[in-house]
Amino acid sequence: MKRTHRCGEVSKQHVGEEVCLQGWVWHRRDMGGLIFIDLRDRAGFVQCVFDPSRAPDSHAVAHEWRSEYVVQIEGKVVERTPENVNPNLPNGDIEVQVLSGELLALAETPSFVIEEDSRASEDLRLKQRFLDLRRPPLQRALRLRHELGLAARNLLDEHGFYEIETPMLTRSTPEGARDYLVPSRIHPGKFYALPQSPQLFKQLLMISGYDRYFQIARCFRDEDLRSDRQPEFTQIDIEMSFVTAADVRQVTETLVERLLEVSGHSGQVRFGELSFPEAIDRYGSDRPDLRIRQELCDVTEAFVDSGFRAFAQAAALEGNAIKALRVPGGGAWGRTRFDKLTDEAKKAGAKGLVWIKLNDGAFTSPVAKFLGDAALQDLATRTGALDGDAILLVADEWEVAATSLGVLRSQLAASEGWIGDGMQFVWVTEFPLLKRSDEHGRYVARHHPFTNPVPEDLDLLEQDPLAVRAQSYDLVLNGVELGGGSIRIHRADVQERVFRAMGIEAQEASEKFGFLLRALTFGAPPHGGIALGFDRIVMMMAGLKSLRDVIAFPKTTSAADLMMEAPGDATPDQLEDLHIAVRVQTEVGADPPDEGV
RNA sequence: GGGGCCGUGGUGCAGCCUGGUUAACACGCCGGCCUGUCAAGCCGGAGAUCGCGGGUUCAACUCCCGUCGGCCCCGCCA
């Protein structure tokens with residue numbers, strides 16, 4: 001007999017039916033007489049009853065079954081008697097009375113228990129990912145991932161997009177992250193690079209007239225990892241011709257609304273908008289978490305004529321600011337707590353942190369004596385600080401002052417429970433086109449070098465490059481950057497000016513991006529697009545905190561695959577073919593390399 | 001590249017600071033009892049020399065150094 005249903009799909013509507021189920025033995029409860037087995041598959045599980053008086057053969061078989069055996073049962077779906085109903089289970093009102101059972105495959109005792117919330121350490125689970133993937137949370141996450149990917153494809157198709165694949169073996173381009181390189185056998189000494197994103201290809205597709213493109217594209221970046229960063233990850237990559245930033249954002253919002261719907265986040269979503277300066281000024285971050293209500297205040301004015309020399313001087317300087325953050329309840333905190341906050345602020349670039357406590361109408365602060373009561377009262381009014389609160393202050397260059405307090409804002413929000421519920425989407429726009437790079441000693445693109453400047457800022461490119469705004473936009477959800485995009489440069493002359501502003505001369509530009517510059521001379525439509533981090537979207541929609549929980553076979557923080565034992569050694573023959581000599585530092589006492597598989 | 005935390009039966013942890021008994025506990029596993037359990041229960045049992053290497057010491061799971069691996073963070077990355 002063939003399988004008739006998935007275990008988790010058997011429900012009250014099947015009562016009376018004869019079914020054949022196949023799946024894994026999950027929990028087995030042997031009463032001596034009756035044996036209960038929860039038979040599990042990707043759809044869920046169902047309780048199967050083996051009754052020695054009704055079907056002695058199958059009962060004897062089930063007696064031998066153990067966890068994770070793969071088995072087949074045939075039986076009848078019956079309603080449970082009222083006292084035996086388990087209301088906590090989706091199908092706890094029914095069970096399968098087994099008539100016959102057959103073993104399909106034995107299983108070793110799993111090295112960790114397959115359960116909803118595993119207690120096993122993550123590296124063990126990663127080593128035996130095939131077992132970990134049996135756990136319901138992983139099964140739900142990968143199902144959701146499938147559904148979101150499918151929904152994205154369908155929606156983009158409905159909006160006239162073509163899904164077009166672009167190469168995985170491509171060439172290294174300057175700017176951006178470190179590339180993963182692939183040596184060429186046929187071209188000795190040359191390397192392909194795995195794409196950091198399909199950026200250039202999608203622009204070329206626009207130039208070729210494909211009008212609307214998307215791809216659920218794998219991207220690779222050889223940088224150090226975090227819980228929200230994997231060396232290979234997936235983007236929903238979108239590009240459109242003859243559009244403005246508003247058009248791209250409109251499509252993106254429609255897409256995100258569909259994805260919310262599919263993942264069960266019903267209700268209206270608002271997409272807020274903040275300019276980059278506003279985001280920095282109010283939240284101290286270019287990806288603010290708007291679930292946190294506390295905002296930064298600008299109190300520069302309060303210090304202009306203040307008796308606190310250090311701050312008065314800072315306030316007087318052009319481009320500087322004094323930013324304040326009100327900490328509800330901070331009045332009760334001790335010295336140590338503020339010292340720790342000061343350390344954090346310094347790590348974030350601030351020169352220091354000033355704190356003021358307000359208790360019973362009186363101010364306490366290391367700098368209280370320099371300020372005087374009137375000034376302190378003024379500060380309290382400006383920040384809205386109440387009795388029992390504290391105020392944190394940083395004086396510095398405007399962006400440094402704001403972002404260092406922004407770091408404290410996020411940290412305090414996490415520790416003090418300031419984070420509200422919901423999905424707070426916000427577009428961050430008007431990013432500066434360029435930023436200073438200490439590493440390169442010149443300006444580099446904040447987004448990427450093909451981002452179109454705001455037209456009215458174009459002439460600032462030569463005079464005041466940092467003041468040039470980009471036609472770019474980031475989509476932020478609850479403090480997590482879901483994606484970003486821009487309107488691209490579609491004129492060769494503008495592209496050359498931008499390269500020049502970044503200190504890339506015409507010859508260098510043509511060496512590195514010649515194909516793009518050439519393509520731009522053959523009739524490029526105005527175009528723009530966006531790339532959304534698909535893994536992050538799934539993570540957020542599933543309410544999870546780690547990307548590893550929404551990727552079937554993720555890598556560790558050292559970019560290793562513990563199950564495959566990747567990366568692995570290459571054989572001398574392979575290296576020979578690739579014209580590669582390996583120079584590894586072998587240290588005395590170091591472990592010998594693993595045997596591998 | 002830097003900082004922090006962790007590594008003890010199959011799994012998760014206690015012990016380590018204040019070196020010295022049979023390395024505790026829970027889950028899992030094995031066996032027994034049990035016909036309505038659903039994280040089944042009760043009884044019994046097996047199972048670790050403490051990531052690896054070196055050092056200190058009469059003696060190291062415990063102290064020191066190094067190393068490997070995992071996680072988190074900064075730098076990096078969009």
Side-chain angles (χ1 to χ4, degrees), chain A residues 26-38 45-54 59 66-68 80-89 91-92 95 108-128 131 175-179 196-197 199 219-231 233 235 286-287 343-344 346-349 407 411 428 431 435 437-439 445-448 451 472 474-476 480-486 530-533 536 545-546 548 555-558 560 562 565 587-594:
Chain A
W26 203 12
H27 308 113
R28 174 173 167 283
R29 296 176 291 276
D30 188 340
M31 305 282 103
L34 288 178
I35 295 175
F36 298 95
I37 280 177
D38 293 333
F45 69 96
V46 66
Q47 172 165 287
C48 303
V49 193
F50 297 76
D51 187 335
S53 64
R54 193 177 282 115
H59 179 270
R66 294 294 181 270
S67 287
E68 300 306 309
R80 298 197 198 177
T81 57
E83 67 273 20
N84 290 327
V85 167
N86 185 339
N88 302 317
L89 303 178
N91 54 8
E95 63 194 6
E108 299 272 320
T109 300
S111 39
F112 57 93
V113 183
I114 311 299
E115 56 194 336
E116 178 76 20
D117 295 307
S118 182
R119 281 162 290 184
S121 66
E122 191 165 18
D123 62 319
L124 176 69
R125 290 189 283 121
L126 288 172
K127 271 178 197 146
Q128 301 192 31
L131 290 182
E175 310 290 317
R178 193 180 293 115
D179 288 309
Q196 296 178 23
S197 82
Q199 184 59 38
C219 307
F220 305 84
R221 291 176 189 161
D222 189 2
E223 296 291 348
D224 288 345
L225 309 178
R226 292 286 187 285
S227 51
D228 62 349
R229 264 164 32 192
Q230 281 274 310
F233 60 100
Q235 288 185 343
D286 60 0
R287 48 179 177 88
D343 288 344
E344 292 297 329
K346 283 181 177 166
K347 265 200 233 165
V407 168
Q411 289 183 357
V428 180
F431 281 87
K435 64 179 177 186
S437 165
D438 296 332
E439 187 193 340
R446 194 181 266 265
H447 184 55
H448 59 57
T451 303
S472 69
D474 275 5
L475 182 59
V476 175
V480 173
E481 187 200 328
L482 284 191
S486 62
I530 192 166
L532 299 167
R536 284 187 183 175
K545 290 190 199 70
S546 171
R548 292 186 294 272
K555 293 189 173 53
T556 66
T557 43
S558 62
L562 296 180
E565 298 186 337
E587 287 169 39
V588 182
D591 287 340
D594 280 353

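Residue numbers start from 1 in every chain, and the chains themselves are labelled A, B, ... in the order their sequence lines are given, proteins ahead of strands.
Atom CD1 in Ile37(A) sits roughly 17 Å away from atom P in G36(B) (whole-Å rounding). Rounded to an integer number of Å, the gap from CD1 of Ile35(A) to C1' of C33(B) is 14 Å. Remark: C1' of C33(B) and CE of Met31(A) are 12 Å apart, rounded to the nearest angstrom. Whole-Å rounding puts the Leu34(A) CG to U37(B) P distance at 10 Å. Between Glu108(A) atom CD and C30(B) atom P the separation is 12 Å, expressed in whole Å. Atom-to-atom, CD of Glu115(A) to P of C29(B) comes out at 11 Å; the value is rounded to the nearest Å. What separates CZ of Phe50(A) from P of G36(B) is a distance of 17 Å, to the nearest Å. Taking atom CZ of residue Phe36(A) and atom P of nucleotide A39(B), one finds them 12 Å apart after rounding to whole Å.
Comparing the same atom, C1', in G7(B) and in G15(B) gives a spacing of 15 Å after rounding to whole Å. With C1' as the reference atom, U62(B) and A23(B) are 12 Å apart, rounded to whole Å. On the P atoms, C50(B) is 15 Å away from A24(B), given to the nearest whole Å. Of the C1' atoms belonging to G19(B) and U49(B), the separation is 16 Å, rounded to the nearest Å. Rounded to whole Å, the C1' atom of U11(B) lies 11 Å from the corresponding atom of C29(B). Separating the C1' atom of C63(B) from that of C27(B) is a span of 33 Å, rounded to the nearest Å. Straight-line distance between the P atoms of C42(B) and G28(B): roughly 11 Å, to the nearest whole Å. With P as the reference atom, C77(B) and A60(B) are 49 Å apart, rounded to whole Å.
Side-chain contact between Asp30(A) and Phe36(A) is absent, with no heavy atoms from C-beta onward closer than 4.5 Å. A 4.5 Å side-chain heavy-atom check between Glu95(A) and Cys48(A) finds every atom pair outside the cut-off.
Judged by distance alone, with hydrogens and angles left aside, the side-chain atoms of Trp26(A) form a donor-acceptor pair with the main-chain N or O of Ile114(A) at under 3.5 Å. Although no hydrogens or angles enter the test, the distance criterion places no donor-acceptor pair under 3.5 Å between the side chain of Gln235(A) and the main chain of Leu532(A).
Taking the side-chain contact (heavy atoms from CB on, under 4.5 Å) definition, one finds that Asp343(A) meets it with nothing, sequence neighbours left out. The ring-ring contact (aromatic ring centres under 6.0 Å, His included) test applied to His59(A) returns no partner, not counting sequence neighbours. Arg119(A) is linked by a salt bridge (charged side-chain N to carboxylate O under 4.0 Å, His left out) to Glu115(A), counting only residues two or more places apart in sequence or in another chain. Every residue two or more places apart in sequence or in another chain that forms a side-chain contact (heavy atoms from CB on, under 4.5 Å) with Ser53(A) is listed here: Asp51(A). For Arg229(A), there are no salt bridge (charged side-chain N to carboxylate O under 4.0 Å, His left out) partners two or more places apart in sequence or in a different chain. Glu481(A) is linked by a salt bridge (charged side-chain N to carboxylate O under 4.0 Å, His left out) to nothing, counting only residues two or more places apart in sequence or in another chain. Residues forming a side-chain contact (heavy atoms from CB on, under 4.5 Å) with Gln128(A) (at least two apart in sequence, or on another chain): Ser111(A), Phe112(A), Leu124(A), Phe130(A), Leu131(A). Scored by the salt bridge (charged side-chain N to carboxylate O under 4.0 Å, His left out) test, Asp228(A) finds Arg536(A) as partners (sequence neighbours excluded). With sequence neighbours left out, Thr109(A) forms a side-chain contact (heavy atoms from CB on, under 4.5 Å) with no residue at all.
Searching all strands for a Watson-Crick or G-U wobble partner of G36(B) with both distances below 3.5 Å returns nothing. Using Watson-Crick or G-U wobble geometry with both donor-acceptor distances under 3.5 Å, C71(B) finds its partner in G4(B). Base pairing annotation: C50(B) forms no Watson-Crick or G-U wobble pair, as no partner gives both donor-acceptor distances under 3.5 Å. C17(B) is unpaired under the criterion used here, namely a Watson-Crick or G-U wobble arrangement in which both key atom distances are under 3.5 Å. In a base pair of the Watson-Crick type (N1 to N3 plus N6-O4 or O6-N4) or a G-U wobble (N1-O2 and O6-N3), with each distance short of 3.5 Å, U62(B) is matched with no nucleotide.
Atom CZ of Arg287(A) has 12 or fewer heavy atoms from other residues, nucleotides or ligands within 6.0 Å.
Each of G31(B), U37(B), C34(B) was ranked by its minimum atom distance to the side chain of Asn84(A); first place goes to U37(B).
The residue Ser197(A) sits apart from the nucleic acid: no heavy atom pair falls under 4.0 Å. Looking at heavy-atom distances under 4.0 Å, Glu95(A) makes contact with a base. Among the heavy atoms of the strands lying under 4.0 Å from Asp30(A) is at least one base atom, whether or not backbone atoms are also near. At a threshold of 4.0 angstrom between heavy atoms, the contacts of Ser118(A) with the nucleic acid are absent.
Dashed line: the shortest gap from a side-chain N or O of Ser121(A) to OP1 or OP2 of U11(B) is not under 4.0 Å.
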Using a cut-off of under 3.5 Å, enumerate the N/O to N/O pairs linking the protein to nucleotides 13-16 of chain B.
none

What pairs of nitrogen or oxygen atoms, one from the protein and one from nucleotides 4-10 of chain B, lie under 3.5 Å apart?
unit_1: G10(B); atom_1: O2'; unit_2: Ser111(A); atom_2: O; d: 2.8

Discussion item. I'd like to compare against my own output: the B/S/- annotation of nucleotides 69-78 of chain B with a strict under-4.0 Å heavy-atom distance to protein.
Written reply: -SBSSBBBBB
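Between the side chain of Arg80(A) and the base of C38(B), a donor-acceptor pair under 3.5 Å is found.
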